[in-house]
Amino acid sequence: AETVADAAKADADEFIEKSSTSVPGTDVTAKKAVQVFLAIDTENDGKITEPEWVEWQSNENANNALFADFDLDGDGDIELSEYLMSYSGS
């Protein structure tokens with residue numbers, strides 16, 4: 001049975017296949033951005049919750065306020081599409 005994480009990875013793979021863009025000003029590719037997303041999503045449910053974000057950010061010693069910048073629809077979690085749009089816009 002396919003899990004939500006499997007579906008998110010399949011969606012990510014399809015996005016990467018169709019996209020050859022990299023994040024402006026960096027050498028981070030869309031594939032690496034997806035890998036980071038999947039690493040942050042410790043519940044493997046295809047979205048990043050604020051507790052997952054806080055845990056990851058505390059490990060990275062970065063600003064937790066960025067969560068709202070990535071949560072484009074304001075629903076309290078970050079879907080892969082939001083993450084990629086925010087990531088490439090930063």
Can you measure from CD (E55) to CD (E50) and round to the nearest 0.5 angstrom? 13.5 Å
What's the spacing between I48 CD1 and L80 CG if we round to 0.5 Å? 8.5 Å
Minimum heavy-atom distance S86-F70, with the two atoms named: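 Scanning both residues, the minimum pair turns out to be CB-CD2, 3.3 Å.
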In terms of heavy-atom contacts, I40 and Y83 come closest through CD1-OH, 4.3 Å
Just to verify, what does D71 make a side chain to side chain contact (heavy atoms under 4.5 Å, CB included) with, not counting sequence neighbours? F67, D73, D75, I78, E82
Checking E43 now: which residues fulfil side chain to side chain contact (heavy atoms under 4.5 Å, CB included) with it, not counting sequence neighbours? D41, D45, T49, E52
